[in-house]
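The block underneath contains the structure these notes are about, expressed in structure tokens.
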Amino acid sequence: MSSGVRWRISWENDLEPSDHAELSEFFRATYGPTGAFNAKPFETGRSWAGARPERRAIAYDSKGIASHMGLLRRFIRVGDTDLLVAELGLYGVRPDLEGLGIAHSIRALAPTLLDIAVPFAFGTVRHAMRNHVERFCRDGIANILTGVRVRSTLPDTQPDMPSTRTEDVLLVVFPIERTMSEWPSGSLIERNGSEL
């Protein structure tokens, strides 16, 4: 990202309605080109799709929001092991800055990840994002795990639909206070909540 970018790390409670409106517009513009369904959660002015983040790293430049990454502490179950993690999600980079964002977002959140004392941070991405994520993981900051399914609750329940969804996604794990060898084995992660 250009040197004209400034980062704001904020608690969810510190965001004003105008912040949510600006983020909602950012997500519609960022996620819309990947499919109308991906932009749908943000149509009503919401700045979250499933679970609400606890903290957000928001990059601004002269054109407005340049990048965003959300963070939520939660317990997940990996195989038979309950594990505290910082889930990373709601990642987006304004289209004119693509290719310059994820590493900067993680660097902006690094002090927060150390502050909140979690053993790992993790996120999930579509298989189509593999090349993008692999480039980011080259320096060893994170690891990509395949063959792991993730079960999550749906953000809205419908009487005629299941309340959970199981997905085959790429898992990106960031060792924070533990080593990657301490990540539990298992082919199913129970998110026990909605995706961030």
Side-chain angles (χ1 to χ4, degrees), residues 1 5-61 64-74 76 85-113 115-116 118 120-129 132-133 136 141-142 144 150 152-156 165 167 169-174 176 189 191-196:
M1 253 177 229
V5 169
R6 64 181 166 72
W7 285 93
R8 172 184 173 194
I9 308 296
S10 60
W11 283 71
E12 188 71 0
N13 283 352
D14 292 337
L15 296 178
E16 298 293 332
S18 60
D19 296 316
H20 289 291
E22 188 178 13
L23 284 163
S24 175
E25 183 179 324
F26 167 77
F27 287 125
R28 285 192 312 272
T30 303
Y31 291 168
T34 66
F37 181 78
N38 296 328
K40 190 171 178 58
F42 309 104
E43 288 176 355
T44 61
R46 283 175 37 162
S47 66
W48 62 95
R52 284 179 78 159
E54 172 183 344
R55 297 190 191 173
R56 296 175 187 249
I58 308 168
Y60 297 89
D61 66 8
I65 296 175
S67 180
H68 179 278
M69 176 82 72
L71 175 152
L72 175 65
R73 278 178 285 194
R74 67 174 0 145
I76 61 173
V85 297
E87 181 173 357
L88 303 175
L90 275 178
Y91 171 67
V93 174
R94 202 174 58 228
D96 63 308
L97 297 173
E98 280 187 19
L100 303 173
I102 194 167
H104 296 280
S105 298
I106 296 299
R107 281 189 204 104
L109 277 174
T112 301
L113 290 169
D115 245 10
I116 63 175
V118 293
F120 299 97
F122 96 106
T124 59
V125 296
R126 300 180 319 267
H127 286 273
M129 297 287 293
H132 179 70
V133 174
F136 168 70
I141 191 172
I144 298 172
V150 178
S152 312
T153 58
L154 297 175
D156 301 307
R165 168 180 60 218
E167 298 177 287
V169 290
L170 293 176
L171 191 68
V172 184
V173 178
F174 302 81
I176 307 295
I189 291 178
R191 188 179 261 132
N192 196 32
S194 296
E195 178 180 10
L196 179 61

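For clarity, every value in this text was computed on a predicted model and none was experimentally measured.
Side-chain contact between V85 and V173: absent, with no pair of heavy atoms (C-beta onward) separated by less than 4.5 Å.
For Y31, the ring pair (Phe, Tyr, Trp, His ring centres under 6.0 Å) criterion is met by F27, F42, not counting sequence neighbours. The side chain to side chain donor-acceptor pair (under 3.5 Å) search around R55 returns none, not counting sequence neighbours. R73 meets the side chain to side chain donor-acceptor pair (under 3.5 Å) test with E54; sequence neighbours excluded. For E12, the side chain to side chain donor-acceptor pair (under 3.5 Å) partners are R52, R56, not counting sequence neighbours. Judged as a salt bridge (charged side-chain N to carboxylate O under 4.0 Å, His left out), and not counting sequence neighbours, the contacts of R8 are D19. Applying the side chain to side chain donor-acceptor pair (under 3.5 Å) test to N38 and every residue at least two apart in sequence or in another chain returns T34.
A distance of 12.0 Å separates CG in D14 from CD1 in I9, rounded to the nearest 0.5 Å. Note that the CD atom of E87 and the CZ atom of F122 stand 4.0 Å from one another [nearest 0.5 Å]. One distance of note links CD1 of I189 with OG1 of T124; it measures 9.0 Å at 0.5 Å rounding. Taken to the nearest 0.5 Å, the CD atom of E167 stands 10.5 Å off from the CZ atom of R126. Of the inter-residue distances, the one linking L72 atom CG with I116 atom CD1 reads 9.0 Å to the nearest 0.5 angstrom.
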Stepwise side-chain contact (heavy atoms from CB on, under 4.5 Å) check, I65 with T30: CA-CA 11 Å; I65 296 175; T30 303; over 6 Å; no
Criterion side-chain contact (heavy atoms from CB on, under 4.5 Å) on I144 and V125, from CA distance to verdict: CA-CA 10 Å; I144 298 172; V125 296; over 6 Å; no
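The two residues S194 and T153 make their nearest non-hydrogen contact at N-OG1, 3.1 Å. Heavy-atom minimum distance, S47 versus L23: CB-CB, 3.6 Å. Heavy-atom minimum distance, A59 versus V5: CB-CG1, 3.5 Å. Between V118 and A86, the closest heavy-atom pair is CG2-CB, 3.8 Å. The minimum heavy-atom distance linking L88 with L109 is given by the pair CD2-CD1, 4.0 Å. Residues A49 and R46 come closest through the heavy atom pair O-NH2, 3.0 Å.
Of the possible donor and acceptor atoms, none in the side chain of S67 sits under 3.5 Å from a partner among the backbone N and O of I58.
Ring orientation note: the planes of W48 and H20 are nearly perpendicular, at an angle over 60° on the 30°/60° scale.
The environment of N192 atom CG is sparse: at most 12 non-hydrogen atoms of other residues, nucleotides or ligands sit within 6.0 angstrom.
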